[in-house]
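Below is one structure, written out as structure tokens; comments come after it.
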Amino acid sequence: MTSPILDGLNEVQKKAVQTTDGQVLILAGAGSGKTNVLTRRIAFLIAERRVSPFHILAVTFTNKAAGEMKERVEKLIGPDSRRISIGTFHAIFGKILRYEAEKLGYKSSYTIYDSEDQLNLIKVSMEFLNISQELFAPSMIRSKITKAKNLFQGPEMMKSKADNPIDEKAATIYGEYERRLQKANAFDFDDLIIKPIQLFHEFPDTLTFYQDKFRFIHIDEYQDTNRAQYILIQLLAQGHRNICVVGDDDQSIYGWRHADIGNILNFEKDYPEAVVFKLEQNYRSTQNILRTANEVVKNNLNRKSKTLWTDKDAGTLVTVLECPDDRAEARHVVQVIQEKIRSQKYTFADFAILYRTNAQSRLIEESLMHASLPYVMVGGLRFYERKEIKDILAYLRVIANVSDTVSLKRIINYPARGIGKTTLERLEEFSEARNLTLFETLMQVRQLGSGWLQERALSAIQHFTEMINKYRELKEQLSFSEWTRILIEELGLLRMLKQENTIEAMSRYENIIELMTAIGEFGTSYVPSAEAETTLDAFLKDVALIADIDQFDDSKNALTLMTIHSSKGLEFPVVILTGVEEGLFPIDTDSQKDLEEERRLFYVGATRAKKDLYLAFAKRRMRYNNVYSTTQSRFIDEIPSELVNWERSAPSLGLGMNTYPHRPRTRGGLSRSIRETSDTMVESAYNRNSHYRAGQHVEHPTFGPGRITEMEGVGDRQKVTILFNDGVERRLMVKYANLMVR
DNA sequence: ATTGGAATGTTTTTT
DNA sequence: ACATTCCAAT
């Protein structure tokens, strides 16, 4: 059979694509084209096997991966592909819950609680149960509850399995927490997986419906699924028994999130008839990089044996950068990048700087800023988790779902309107006694107003409920972005921030504007799928399920900074792993199991590289407040020495202009505020040397002297095209370029 | 009810 | 070193 869908695939890949019926396990090493196989398989099902897109389910690990897969399938078979269900577990089953909420006693306007909301609710539950938060840390309780949920254990089962007083207490809190979640018409992240299981158990008809809908099931990154996800998929797959899972046990790095590597290791036991394909040819990296990754991961005992190979060249050696301390490491990494850009045909976007912990990004960022190199950072503090954003989202959530008590409490007195702690306490007691939601109590407070609250509080409450109700009506009449604009205006937050006029307030101000832009864009692009989600519900769901990596925009010409976890699935010509030290990477050497996961993480990081791989480590590093002496990671020792080129970092003083003995300090501390204020800071830098025009001679710290040939954009987005003396024309962001007028 | 300063915890990775 | 939370003062 010849089909353009199979073009360019190797033999194993073709077979994997064509084996559409029954159970298929695709063990796909890093860079072996597994996403390609998956998309072609889906296209093949539709185009060749004449399966309706309606009957296909594809679960990906991130929204970004889902988006890319959608795009690629559409390219192969056209717009019909839009009816395929592609998305993350959370997105797909969140949507199903939207339709089926009533059966479980929820409303379809349910709210999704993130871990901060979760923690709030756990604290409330503990207060209610009179359990000491000093003795039982709420965050510890949360992790126990979430673990139970991921193992598909309810409060009763958790209690019966508890073998110590802490677990028993946690199970009790779990029960109360569940009760309150339900009352708030809210699901937490884990519920998006386990409530569908519950739904399918309780309503066999519904299960049958979805079994019949999803006749062909695909799960990407199967090694990172957990127990609950496993159960959910088993239930669905029992219908037509067509299930294809793709994964790589060597890339299982989410054990700490209760992912169960056993799911992939035992697939053949679950399905004795399963056909297994091994994709072992790597199309991404050089031999040296691949050998490095293989040699290290080989030390793991618990794995399916496979060896990646490539027909590419040996390539350059892996470079180990030994640095005296963490600052020297950051500086050296930047020097390596500048040198490569100068001497070879590399551009900023070719580089990724990866680290084990987000905290490591700070020094690297400082170093990059100092050298005026453009970068995008994935992770860190997330946009939608910033306080000012969450405050506004809380309004939207309450307007969508007035039962959402966690959000309601967040905004009831923000901005301050005279509903204080005592008032709130009374209201909550009252709600509890009458089994009302907090909002219901607020609505009734006037009728019952027999002196139990002060008149001032009463009228404040009335104002508040009137406002919320006004917007509940307004949202039916105006467009999403129109009524949110009016809401934000009425709250007066922007005015407050402007008055404050601190750097931080300005950054918050900008963030709110950015949120409004995002709302505007969402409002115009969202196409409601008939009688399903309202625009508001859909927006809130998207926001709740967004991952850092989803927002990563690889079209910008900038270096990439992210954790190794976030880098899974991506590739870059040059990858620099930093902090490759004992105690940091591997971070925890307590148990063999954890160590093996760290080693797999190393494998993931190393195999992101196409051409050049750097491993940097520092002999001394600041953590918390102290300086610690460290040694190179055992992973470095596990690499055969003939693959390694060892470089010692130059001493930190007396170097060229790229060192920064005393970096200019903004007032007060650095670190976090840099990220938040960078726009403002850059703006002032931009104002200092703003008036560029075409024809002007300028100097760039990396590329040297050149002449401006073209200008475009304004403010932060201003770009210049410069013809440099090496004859290369480059387009740069003025914001980052740090040009000097000559 | 709001504000400011002190005490406390946090950093491993995140849907 | 930071941010959040807690507590006392106004």
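To find a chain, count down the sequence lines: A is the first, B the second, and so on, and within it residues start at 1. Just so it is clear, the structure is predicted and the values come from calculations on it, not from any experiment.
A gap of 22 Å separates the C1' atoms of C:dT4 and B:dT13, to the nearest Å. Nucleotides B:dA7 and B:dT11 place their P atoms 22 Å apart, quoted to the nearest Å.
Between A:Asp248 and A:Lys34 there is no salt bridge, since no side-chain nitrogen of the basic residue lies less than 4.0 Å from a carboxylate oxygen of the acidic one.
For A:Thr88, counting side-chain heavy atoms from C-beta on, the closest listed nucleotide (B:dT14, B:dT12, B:dT15) is B:dT15. Of the listed nucleotides (B:dT12, B:dT14, B:dT15), B:dT12 has the atom at the smallest distance from the side chain of A:Ile587. Taking the side chain of A:Arg257 as heavy atoms from C-beta on, and the options B:dT12, B:dT15, B:dA1, the nearest nucleotide is B:dT15. Comparing B:dT14, B:dT15, C:dT5 by their nearest atom to the side chain of A:Tyr254 picks out B:dT14.
Taking only side-chain nitrogens and oxygens, A:Ser115 never comes nearer than 4.0 Å to OP1 or OP2 of B:dT14. Put simply, A:Asn63 has no side-chain N or O that comes within less than 4.0 Å of OP1 or OP2 on B:dT15. Between A:Thr422 and B:dA1 there is a side-chain polar atom (N or O) within less than 4.0 angstrom of OP1 or OP2. In this structure, A:Thr62 does not reach the B:dT15 phosphate: none of its side-chain N or O atoms is under 4.0 Å from OP1 or OP2. At the phosphate of B:dT14, OP1 or OP2 sits under 4.0 Å from a side-chain N or O atom of A:Asn358.
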**OP:** Take A:Glu116 and A:Gln118 through the side chain to side chain donor-acceptor pair (under 3.5 Å) test and state the conclusion after the steps.
**Re:** CA-CA 5 Å; A:Glu116 189 191 341; A:Gln118 223 182 339; over 6 Å; no
Original post:
Please walk me through it: do A:Gln360 and A:Thr357 pass side chain to side chain donor-acceptor pair (under 3.5 Å)?
Top reply: CA-CA 6 Å; A:Gln360 287 166 255; A:Thr357 66; 3.1 Å; yes
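The one candidate from A:Tyr110, A:Tyr106, A:Phe93, A:Phe200 that meets the side-chain contact (heavy atoms from CB on, under 4.5 Å) condition with A:Lys195 is A:Tyr106.
Counting to the nearest Å, the P atom of B:dG9 and the CD atom of A:Gln133 are 12 Å from each other. Separating the OH atom of A:Tyr355 from the P atom of B:dT14 is a distance of 9 Å, rounded to the nearest angstrom. Separating the CD1 atom of A:Ile193 from the C1' atom of B:dT15 is a distance of 8 Å, rounded to the nearest angstrom. Whole-Å rounding puts the A:Glu596 CD to B:dT13 C1' distance at 18 Å. As a whole-Å value, the separation of A:Met377 CE from B:dT14 P is 11 Å. Distance, A:Leu119 CG to B:dG9 C1': 13 Å, rounded to whole Å. Whole-Å rounding puts the A:Arg356 CZ to B:dT13 P distance at 7 Å. If you take OH of A:Tyr603 and P of B:dT13, they are 24 Å apart, rounded to a whole angstrom.
Mapping A:Asn413 and A:Asp190 onto DNA chain B by nearest heavy atom places A:Asn413 at the nucleotide closer to the 5' end. Position along DNA chain B of the nearest nucleotide to A:Ser139 versus A:Arg417 favours A:Arg417 as the more 5'-ward residue.
Of all the heavy atoms in A:Leu613 and A:Ala606, the pair that sits closest is CD2-CB, 3.8 Å.
A:Ala416 comes within contact range of the sugar-phosphate backbone alone, with a heavy-atom separation under 4.0 Å but no base atom that close. Nucleic acid contact for A:Ile419: sugar-phosphate only, since backbone atoms but no base atoms lie under 4.0 Å from a heavy atom of the residue.
Using cut-offs of 30° and 60° on the angle between ring planes, the pair A:Phe602 and A:Phe635 is tilted.
Side-chain N/O atoms of A:Trp256 and base N/O atoms of B:dT12 include no donor-acceptor pair closer than 3.5 Å.
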